[in-house]
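Values below: all heavy atoms of this structure, side chains included; hydrogens, waters and symmetry mates excluded.
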Amino acid sequence: MENINDYIIHPRQIADKSSKESLQKAIKLALDVETDAVRFNTQTFNTNRYKAVKKLNDYEELKDRARQIKEDSIQNLPALIVKLSHSIKARGGIVFIAGSKKEATDYIKNVCISHNAKLIVKAKSITSEEIELNYEMEKVGIEIAETDLAEFILQVSKEQPSHNVAPAIHRSRESISELFKRNFRTDKRLDTGEELTEFARDILRQKFLSADIGISGANLIAADEGTILLVESEGNIRLTTQLPTVHIAVAGVEKIIPSKKDFGIFIELLATSGTGQSLTSYTNILEPPIDLPVLNLNGRQGKQREFHLVLIDNGRMKMREDDDLREALYCIRCSACMNVCANFQAVGGHAFGGEVYTGGIGGAWTVGTTGSLEKGRFAELCTGCSRCVPNCPVRIDIPRLNTTIKNRLIKADGGPSFQKSFFGNFSTIGKYASIIPVLSNWVSNFAISRKLMEKIIGFDKRRSIPQFAKKTLVKQYEKYRKSTIVKSKTNILTRRVVLFADVFTNYNNPQVGMAAIRVFDKLGVPITLSKVLDDGRALQSQGLVELARNKALKLAAYLEQLIDSGKEVIVVEPSVLSLFRYDYKKLINNDKLFYKLAKHTYDPIEYINKLLIHLEVDLTNKLNIPNPSSTYIFYHAHCQMKTVGAGNAASDFYRSLGFNVSVSNVECCGMAGSFGYKKEYYELSKNVGSDLINQIRKSNSFDNKTIILASGISCREQIEDELNNPIYHPIEYLEKILK
Amino acid sequence: MQSKRDEDLIKQFIESAKSAAAFVELIPSNAESLNNSLIAATGNEMILLAEPDDLDPELFSIFKLNKNVVTEPTKEQISNIKTGITDAFCAIANTGSVCVSVTKNLSSPASMLTRQHIVIIDVNTIVQKPRDVFSDSYLEGKGLKRSFSIITGPSATADMGPLVRGVHGPGKLHIIILD
């Protein structure tokens, strides 16, 4: 790992992601010097969040309520702004509504100048970074002291935040030690966390005791009483808002909710979703100007308490009018979407982020507050793995926001690139390539072809190319059905299933589809094969939304016919299952049809579990492995399968058969469909994948005989790249062990 | 039934507060017991005692006579006081938190400028969840009518790498429950 303090590129130089080059440089910077600290810190937050939300016994209901409150608030925002202004004025505070960054900073500057202020203490406020407050204040000679320790570090290093909640998450203790030693002349020891904290505290305590004005942000503001919610751990927000006589709070207009009574819901969700604590050290509920004594500090005695609330629009009201981006305004900035994101865990917000806003949610915020679509280019780092979706406390569909940005960027760039067309139209390519698969495979593996592929479509030449099968699933199935007669053992009227022949399974991976057919046959459950239809998945992940929608509508209509004729649909490829149970809600925009598809589509093992529970099949004495407990299985659940609730099906199944099963807890393998094939993301994808590979290597009794199970074709490819173990789709392995 | 539920709440509160790194003791609700606990917790140093907002001031009548107690600190004193004492109007069982008012009394500096914050609560004010503090039905709306901080454990940071307790606020939180 190189040294961040000596690195050739400063994060600030590549904060603006308007160009593809700066995104590439930022990924390199992050992988070279930031990845270890980011990974450790985000994964700690992530693990703690899972533990903390488990303790909220009504977590799902709380999320529904929070979502509803935010939806209503944004809907009624103009009226809420008026109401809030009245509440604050009635208490003696002053409200200023700033349309732009400049209006906001001008106002704050004037308040400071009117108080002849020389020193401002500031609590962490991402919104104040958005309006570039520090820069504007320093221009007129007013010192701003950042008092949150992470912001204090960034003020010294001159870096932009790399995370919403922990803005210096990219820095290790060692790199902070070195930074401080270089920047401060001191005899004090600066090696342990305690020494560094005490050093910063002492500097900042002096600032607190002599500051003229305190500037804070706001987590939420209640319109009814004009109450401000400020959540923190260090205590700097308390000092900032209560020591100086003048308090200025800077907040985006989207922070307003109708009633103080609802703070309770958000307080519980914010702390658990953010840092994974039941509550952080200080949850401040303030109604300034507060009638509390002005201490005899800095000649303040006798001065009147004063409070200004600066409400900032800066693009938010436009976002509110935008049917696609509006959802981003519901964000309560907890950072769960960053901590749960496999790509973010690898590179953090200096690569997966812009000048201010970071992570999956950061794309929409960057586009919305800068008015520049290009600056949101880092949305490309969202692979659509969807792990953020069930972990967002206000249920924001973050992958959808990023698909929107990708889609708009394609249009702005004048149409899809060759690369996007290639990966988006894989089904068509597969159709033609599979006519003469041997030739296609031979051509695509030829060294010159690989170089050309990398150059023209950006298909990284270090990756093995998905091979086209000699015979498609459809052909194999037809031949198999002609030669095999199967007796049904269950009630035909109640259980009839059809295997959905998705494009990848048909052209590239027919053996998995055939395994499912044979397993269901062996279990006596009648199964047939569907037509091959493109599902739109690949197109959607490239941001080609309209094309994806057309494909999805056709397929949904076809599946509806099957379901209406009494069939359940088995889907072996998890990203396709996730389409039917999640993406299609918005893609086909027909709730009735979507819920029908979601209800009647299953992962094969998930469906077999259901048959076992209903005692419709029995696996006793059906296995050709006499002693399963001596077989070690490592199972990696596909990212989207976890999101749609089928992540544990295979591990539960094999455990119930008596196998020794270890499971991964990585959020995503890093391959994420076509993402890991692209030249510009190869290193990032491998870096993300290293987490999974390490977990497999460290699993219970791991050796080269350990059976690795993964449902996703791309997960299996990512693992096969590094390990020579036997690796199967869970249904393939079941076929092998079934008599 | 009522007392059974309260016992559970108390037990939960003590466990949660301890796991949030607070020191907790449960003592009889009288001036003498409180005085003994406070003397044991403070030692021979300057102590900032904020007038209680909700508890009966009589409870502090003995401790107030202690020579180390300051109730109106000077500028020089305020930045050097190691221990601050306040009351809390409510405590939360699930999270081990105490709710300290921000008022005319010196509860704010006593709980934010010091190295140790001793906070005193009445055993009958414990609620189950954070959201209960904001509901009309609990505390007769008491929580709704003021500025306050919900304090959960000592001031802490992980910004410098490892978890460090005691940053801008007190590194020690000592909760005394009056029964």
Is chain B contacted by the side chain of Arg205(A), its backbone, both, or neither, given a heavy-atom distance below 4.5 Å?
side chain

Between Glu225(A), Glu151(A), Arg173(A), Arg171(A), which has the largest tally of heavy atom pairs under 4.5 Å with chain B?
Arg173(A)

Okay, Ile237(A) and chain B: the region with an atom under 4.5 Å from a heavy atom over there is neither

With only heavy atoms counted, which part of Leu113(B) is less than 4.5 Å from chain A, the side chain, the backbone, both or neither?
both

For Asn124(B), all residues meeting side-chain hydrogen bond (donor to acceptor under 3.5 Å, both in side chains), sequence neighbours excluded
Asp122(B)

Region of Leu239(A) in contact with chain B, defined by heavy-atom distances below 4.5 Å:
both

Under a 4.0 Å threshold between the charged nitrogen and the carboxylate oxygen, would Asp202(A) count as salt-bridged to Lys207(A)?
no

Please report the closest heavy-atom contact between Val165(A) and Cys334(A), naming both atoms and the distance.
CG2-O, 3.3 Å

Look at Gly153(B), Ala156(B), Gly166(B) and state which one has the largest set of heavy-atom pairs under 4.5 Å with chain A.
Ala156(B)

Among Leu292(A), Thr44(A), Leu149(A), Asn41(A), who wins on heavy-atom pairs under 4.5 Å with chain B?
Leu149(A)

Donor-acceptor pair, Asp291(A) side chain versus Lys104(B) backbone, under 3.5 Å?
no

Per-residue contact mode, Ile151(B) against chain A (heavy atom under 4.5 angstrom)
both

Side chain, backbone, both or neither: which part of Phe40(A) has an atom under 4.5 Å from a heavy atom of chain B?
neither

Parallel, tilted or perpendicular: ring planes of Phe152(A) versus Phe180(A), cut at 30 and 60 degrees
perpendicular

At a heavy-atom distance under 4.5 Å, which candidate from Gln242(A), Glu232(A), Glu174(A), Glu287(A) has the highest pair count against chain B?
Gln242(A)

Name the one of Leu55(B), Leu59(B), Ile39(B) that satisfies side-chain contact (heavy atoms from CB on, under 4.5 Å) with Leu34(B)?
Leu59(B)

Side chain / backbone / both / neither for Leu196(A) at chain B, heavy atoms under 4.5 Å
both

Do you know which of Cys99(B), Ser16(B), Pro109(B), Ser108(B) has the most heavy-atom pairs with chain A at a distance under 4.5 angstrom?
Ser108(B)

Quick one: of Asn284(A), Ile267(A), Leu230(A), Ile169(A), who has the most non-hydrogen atom pairs under 4.5 Å with chain B?
Asn284(A)

With only heavy atoms counted, which part of Ser177(A) is less than 4.5 Å from chain B, the side chain, the backbone, both or neither?
neither

Report yes or no: do Ser101(B) and Arg146(B) form a side-chain donor-acceptor pair below 3.5 Å?
yes

First locate atom CG of Asn66(B), then atom CZ of Phe63(B), and finally report the distance between them rounded to the nearest 0.5 Å.
5.0 Å

Ser111(B) versus chain A, heavy atoms under 4.5 Å apart: side chain, backbone, both or neither?
both

For the residue pair Arg189(A) and Phe199(A), establish whether any side-chain heavy-atom pair is separated by less than 4.5 Å.
no

Heavy-atom cut-off 4.5 Å, strictly under: side chain, backbone, both or neither for Gln277(A) against chain B?
neither

Glu195(A) and Arg201(A) ion-paired at < 4.0 Å
no

Quick one: what part of Ala168(A) sits under 4.5 Å from any heavy atom of chain B, side chain, backbone, both or neither?
neither

With side-chain hydrogen bond (donor to acceptor under 3.5 Å, both in side chains) as the test, would you mind laying out the steps for Arg238(A) and Ser155(B) before giving the verdict?
CA-CA 11 Å; Arg238(A) 302 188 67 206; Ser155(B) 151; over 6 Å; no

